[in-house]
Amino acid sequence: MKILLYNPDNGVTRNFMPHLWMFLLQALTPPGHEVLLVDGNARAMNEEELVAFAREEGVELVGIGAMTRMVARAYKVADALRAAGFKVVMGGPHVTEVPDEALGRDGGPRHADAVALGEADETWPLLVEDAARGELKEVYQPERDAKGLDRKPTLQPYPIIPWDKLEIEQFSLVPKFLRPLMNRLGGGWGSFYVVPIETGRGCPYGCEFCTVTGFFGDSIRFRTNESVVEELLLLKERARRERGQFAAFFIDDNLAINIKRVKSLLRDIIAADAQVPWVAQISANLLKDEELVDLIHESGGKWIFIGMESIDPANMADVNKNFSKPGEYGAVLERLARRNIYAITSFIFGMDNDTKGVAGRTLSEIKSWPPGLPVFGQLTPFPATPLYDRLQKAGRLTRPKHWMDFAPFVMAHTPLKMTIEEAKTEVKEAWTASYSPERNAEAVNSIDEKHVKYRIINFVARLFFRGIYFPQMGKRAWMKVLFENRKTISQLTRQGIAAARAAKKEERARLATAPSTEAQPKASEAR
Ligand code: B12
Ligand code: SF4
């Protein structure tokens, strides 16, 4: 049977990195079936084009996965495919949280023939075999334990995702028009991939707005260190073979949730020489451990995503995230920066204690920290979260099915101390000020005691992150950004050339003063 797995485009981050679920389910598909992957973020197709593609390819089953914010788009695609006679199964967080919607059991139209609820690692092979026999059921759900909860996959063993062979050209982060130039610059920068790798699942913290504790459970399950190390070695081998740049995004919700275990993983990565540059999500409270931060550095950690949410402790208490202390954020970021590790700091506006001016207050705090990549959003009640239930009970949801008419950065409930419109304005102000050419220059200059490569990396990352709020997908948009930031670009170029010359000079001096065996070519080579 030919299966198509489809991920709808999110309209924002586009091809930032592949979605793990598609590659994982492909690896878990029983032998004898062929799986095609289409990520709408990297390969845009409208409904008609997708239907035509599925027909041409002779697809017999379509699997669609979606987060809440893409689910309306996912339903549209599913409707078109079903109207054309294809069997459609949907999975992922949203359908798990609101399964009746996809199946049309809530009075609305039906969008899927079947849904796979929760973690599908063990149900997917059964579903595929049922579909192949023409016996697809409506609902696939993990078996239940004695307490009536989903029995979660152990992640041991974990399937091999062949990153060394997979076709991922569409996910290169270097804009097409810049590739020839970047190739000429060398260093493998003509292509740059970020690849998702999970090392464990589950989070016990239960923050009020988050779906993770509900979906993956509060008990954490880890892959073996060996299987993670093997996956990293595949990436490293590909990077070497293709002379390209590959980074890993450890997508665990909190990589350091078990300090002892993460240290042992990082030590094993170092021992196996499996380091690739990596990014991971770690909460601020776990980054106080100096030894951990040393290991992050030694194992290739470059950027840490920290869900800071708010600089107001009252807001943190409101959303059950008291374990993360705003007063400690500065010290945590300094600790990372001392090892040249920087942070992607995520903030939420529109919390119940937020008032007008929250953007300005947050920005001035951010400016007192080492330069990171701040991202901003608004508090969103995702279905099946404690936040959703609280707001619903209080009658505060203004758009209870906000996902069906998705509006970027528009809240679905009214915060207590500001309006929905004000919250949107604050988010916009925060993005605009954080990635303005002036702020980019200021951020880069604030680390002028560091090697120029760190300033360049910081600057390039800022240009990409700016694109999350101000999409800059085409050549024109990029040219505009480059033009606006021309002063910083020429400053960094001058500094980069000077640093390269100094390094060469130093190397020549070193060779000149080195013992003759090292400095002189061997007699055989000289001839
Ligand atoms: C990586 C990630 C991202 C990446 C996404 C890009 C990418 N290429 O992956 C980035 C960093 C960009 C991102 C951004 C956002 N994210 Co995010 N993200 C994640 C994260 C940490 C990991 C996703 C993952 O790969 N998980 C591992 C895989 C194996 O799990 P899975 O996807 O759930 O798939 C399993 C099952 O669901 C099922 N399955 C999934 N799809 C399908 C399809 C079929 C057909 C079948 C049969 C089964 C199936 O099978 C898989 C194996 O069991 C999750 C949290 C988490 N732990 O999952 C949040 C999460 C998905 N994100 C979330 C959110 C809210 C966001 C943002 C909206 C945040 C914001 N406010 O801006 C943005 C929006 C993104 C966008 N622009 O659209 C929420 C989604 C909640 C919801 N109900 O939709 C999550 C669950 C985290 C949370 N805090 O609640 N995110
Ligand atoms: S926000 Fe992060 S720490 Fe809080 S429950 Fe979700 S995954 Fe866990």
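Order of listing sets the numbers, starting from 1, for every ligand and every atom in it. Along the sequence shown, residues carry numbers from 1.
The atoms of ligand 1 that sit less than 4.0 Å from any heavy atom of Gly92 are 37 (O), 39 (N), 40 (C), 41 (N), 42 (C), 49 (C). Distances below 4.0 Å separate heavy atoms of Thr213 from the following atoms of ligand 2: 5 (S). Remark: ligand 1 atoms within the under-4.0 Å shell around heavy atoms of Arg69 are 68 (C), 74 (C), 76 (C), 78 (O). Less than 4.0 angstrom separates some heavy atom of Gly63 from each of these atoms of ligand 1: 45 (C). Short contacts between ligand 1 and Ala116, defined as distances under 4.0 Å to a heavy atom of the residue, involve ligand atoms 47 (C). Each of the atoms 82 (C), 83 (N), 84 (O) of ligand 1 lies under 4.0 Å from some heavy atom of Thr68. Here is the list of ligand 2 atoms found below 4.0 Å of a heavy atom in Asp253: 7 (S). Set against the non-hydrogen atoms of Arg201, the atoms of ligand 1 under 4.0 Å away are 29 (C), 53 (O). The ligand atoms of ligand 2 that sit less than 4.0 angstrom from a heavy atom of Tyr205 are 3 (S). Near Cys210, the atoms of ligand 1 lying under 4.0 angstrom from a non-hydrogen atom of the residue are 88 (C), 89 (N), 90 (O). Proximity to Gly206 (heavy-atom distance under 4.0 Å) selects the following atoms of ligand 2: 5 (S). Near Gly65, the atoms of ligand 1 lying under 4.0 angstrom from a non-hydrogen atom of the residue are 41 (N), 42 (C), 43 (C).
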Tell me, with the steps shown, if Phe409 and Tyr469 meet ring-ring contact (aromatic ring centres under 6.0 Å, His included). CA-CA 10 Å; Phe409 303 101; Tyr469 192 85; 4.7 Å; yes
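Residue Cys207 does not count as close to atom 6 (Fe) of ligand 2, with no N, O or S atom under 2.8 Å.
The shortest N or O to N or O distance between Glu119 and ligand 1 is not below 3.5 Å. Considering backbone and side-chain atoms alike, Met17 places an N or O below 3.5 Å from some N or O of ligand 1. In terms of polar-atom proximity, Gln281 is not counted as a contact of ligand 1, lacking any N or O under 3.5 Å from an N or O of the ligand. Taking any N or O of Glu198, backbone or side chain, none lies under 3.5 Å from an N or O belonging to ligand 1.
Contact annotation: for Ile64 versus ligand 1, heavy atoms closer than 4.0 Å belong to the backbone alone. Of all the heavy atoms of Phe215, the ones lying under 4.0 Å from any atom of ligand 1 belong exclusively to the side chain. Here Trp124 has side-chain heavy atoms under 4.0 Å from ligand 1, and that is the only part of it that gets that close. Contacts between Pro18 and ligand 1, counted as non-hydrogen atom pairs separated by less than 4.0 Å, involve the backbone only. At a heavy-atom distance under 4.0 Å, no atom of Phe305 approaches ligand 1.
You'll find the side chain of Ile220 stays beyond 4.5 Å of the side chain of Asn258, heavy atoms only. In this structure, Ile161 and Leu20 have side chains that are in contact, with non-hydrogen atoms separated by less than 4.5 Å. The side-chain heavy atoms of Ser434 and Phe376, taken from C-beta on, include a pair separated by under 4.5 Å. With contacts defined as side-chain heavy-atom distances shorter than 4.5 Å, the pair Met351/Asp318 does not qualify.
Between the Arg335 side chain and the Val293 main chain, no donor and acceptor come within less than 3.5 Å of each other. Judged by distance alone, with hydrogens and angles left aside, the side-chain atoms of Thr380 form a donor-acceptor pair with the main-chain N or O of Gln378 at under 3.5 Å. Counting only distance, with no hydrogens or angles, the side chain of Asn320 and the backbone of Gly206 share a donor-acceptor pair below 3.5 Å. Between the side chain of Asn353 and the backbone N or O of Asn315, no donor-acceptor pair lies under 3.5 Å. Formation of a donor-acceptor pair under 3.5 Å by the His94 side chain with backbone atoms of Met70 is not found in this model.
Among Phe246, Trp163, Phe171, the one residue that satisfies the ring pair (Phe, Tyr, Trp, His ring centres under 6.0 Å) test with Tyr193 is Phe246.
When Phe382, Phe171, Phe409, Phe216 are ranked by how near their heavy atoms come to atom 33 (O) of ligand 1, first place goes to Phe216. The closest non-hydrogen atom to atom 23 (C) of ligand 1, taken over Val88, Thr380, Ile251, comes from Ile251. Closest heavy-atom approach to atom 29 (C) of ligand 1 among the candidates Leu155, Leu24, Asn7, Leu28: Leu24.
In this structure, Trp278 has its ring center closer than 6.0 angstrom to the ring center of Phe250.
Ion pairing between a basic and an acidic side chain is recognised when a charged N comes within 4.0 Å of a carboxylate O; Arg133 and Asp130 show such pairing. The pair Arg361-Asp312 does not count as a salt bridge, with every side-chain nitrogen at least 4.0 angstrom from each carboxylate oxygen. The pair Arg73-Glu47 meets the salt-bridge criterion, since a charged nitrogen lies less than 4.0 angstrom from a carboxylate oxygen. Look at Asp252 and Arg201 and you find no salt bridge, because none of the NZ, NE, NH1 or NH2 atoms lies under 4.0 Å from a carboxylate O.
For atom 8 (Fe) of ligand 2, the closest heavy atom belonging to the protein is Cys203 SG, 2.3 Å. Scanning the protein heavy atoms around atom 6 (Fe) of ligand 2, the nearest turns out to be Cys210 SG, 2.3 Å.
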